[in-house]
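Note that this is a predicted model, so its numbers are computed, not measured.
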Amino acid sequence: EVQLVESGGGLVQAGGSLRLSCAASGFTGDDYVMGWFRQAPGKEREGVSCISATDGSTSYADSVKGRFTISSDISKNTVYLQMNELKPEDTAVYFCAVGLRSDSNAYPFSRASYDYWGQGTQVTVSS
């Protein structure tokens, strides 16, 4: 059974930092993509960042480029999202997801590319 468990969310002032973690289990191999998405109240879930286990390549949404960094620790089966210079508009529930299909890397910011999702962790940035 595939499981993804996020942690690290919380309340932070604007300009502050948080690091989210996503502990993954229940799948093997190196042909998959891990992504972070977020959903603010009343808005669609949007892709934030992703990392390919195949080649380590990363992608970021324009809104977080230069502020967020995605990384992975293969030995711990964990993916991280370091979030710096947080803004009130970053407030959302953050979800990690894994895409296990061979074409999951093709559209890494599409929700349809992902097969399993975590339960989400709340990030609140106060002004």
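- Interatomic distance, I51 CD1 to T58 OG1, rounded to the nearest 0.5 Å: 6.5 Å.
- N105 and P108 get closest at one heavy-atom pair: O-CD, 3.3 Å.
- Within the 4.5 Å cutoff, side-chain heavy atoms of L81 are placed close to those of S49.
- Here disulfide bond (SG atoms under 2.5 Å apart) pairs that include residues 48-92, with residues two or more places apart or in two chains, number zero.
- If you check the side chains of Q122 and T124, you find a donor sitting under 3.5 Å from an acceptor.
- Note: the hydrophobic cluster containing Y107 does not contain W36 (ILVMFWY, side chain heavy atoms under 4.5 Å, direct or indirect links).
- V5 and I74 fall into different hydrophobic clusters, where Ile, Leu, Val, Met, Phe, Trp and Tyr are joined by side-chain heavy atoms under 4.5 Å apart, directly or via other members.
- Scored by the side-chain hydrogen bond (donor to acceptor under 3.5 Å, both in side chains) test, R45 finds Q39 as partners (sequence neighbours excluded).
- Although no hydrogens or angles enter the test, the distance criterion places no donor-acceptor pair under 3.5 Å between the side chain of E6 and the main chain of S21.
- The residue from V79, V123, I70, V48 that alone fulfils the side-chain contact (heavy atoms from CB on, under 4.5 Å) condition with L20 is V123.
- Closest approach of A14 to P88, counting heavy atoms only: CB-CD, 4.1 Å.
- Salt bridge present: R38 and D90 bring a charged side-chain N and a carboxylate O closer than 4.0 Å.
- Nearest heavy-atom pair, T121 versus G9, reported as atom, atom and distance to 0.1 Å: OG1-N, 3.2 Å.
- Scored by the side-chain hydrogen bond (donor to acceptor under 3.5 Å, both in side chains) test, D62 finds K65 as partners (sequence neighbours excluded).
- Of all heavy-atom pairs between L100 and D115, the closest is N-OD2, 2.6 Å.
- To the nearest 0.5 angstrom, K43 atom NZ is 8.5 Å from E89 atom CD.
- Annotation: disulfide bond (SG atoms under 2.5 Å apart) contacts involving residues 52-127, sequence neighbours excluded, comprise C22-C96.
- Taking OG of S63 as the reference point, atom CD of E46 lies at 5.5 Å (rounded to 0.5 Å).
- A cation-pi arrangement is present between R19 and Y80, with the terminal nitrogen or guanidinium carbon under 6.0 Å from the aromatic centre and inside a 45° cone about the axis.
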Run the numbers on M34 and S72 for side-chain contact (heavy atoms from CB on, under 4.5 Å), then give the verdict. CA-CA 9 Å; M34 296 288 296; S72 63; over 6 Å; no
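- In the hydrophobic clustering, W117 connects to V33, F37, V93, F95, Y114, either directly or through intervening members, whenever side-chain heavy atoms lie under 4.5 Å apart.
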Between Y60 and R67, is a side-chain contact (heavy atoms from CB on, under 4.5 Å) present by the stated rule, with each step listed? CA-CA 10 Å; Y60 298 91; R67 300 189 297 123; over 6 Å; no
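- By the 4.5 Å side-chain criterion applied to Ile, Leu, Val, Met, Phe, Trp and Tyr, F109 is assigned to no cluster and stands alone.
- Taking each heavy atom of A61 and G47 in turn, the nearest pair found is CB-O, 3.5 Å.
- When every heavy atom of L4 is checked against every heavy atom of V98, the shortest pair comes out as CD1-N, 3.7 Å.
- Here the straight-line distance linking atom CD of Q82 with atom CG of L18 works out to 8.5 Å at 0.5 Å rounding.
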Does Y32 form a ring-ring contact (aromatic ring centres under 6.0 Å, His included) with F27? I'd like the steps, not just the answer. CA-CA 10 Å; Y32 60 88; F27 61 93; 4.9 Å; yes
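- Defined by atom type and a distance below 3.5 Å, a donor-acceptor pair is missing between the side-chain atoms of T78 and D73.
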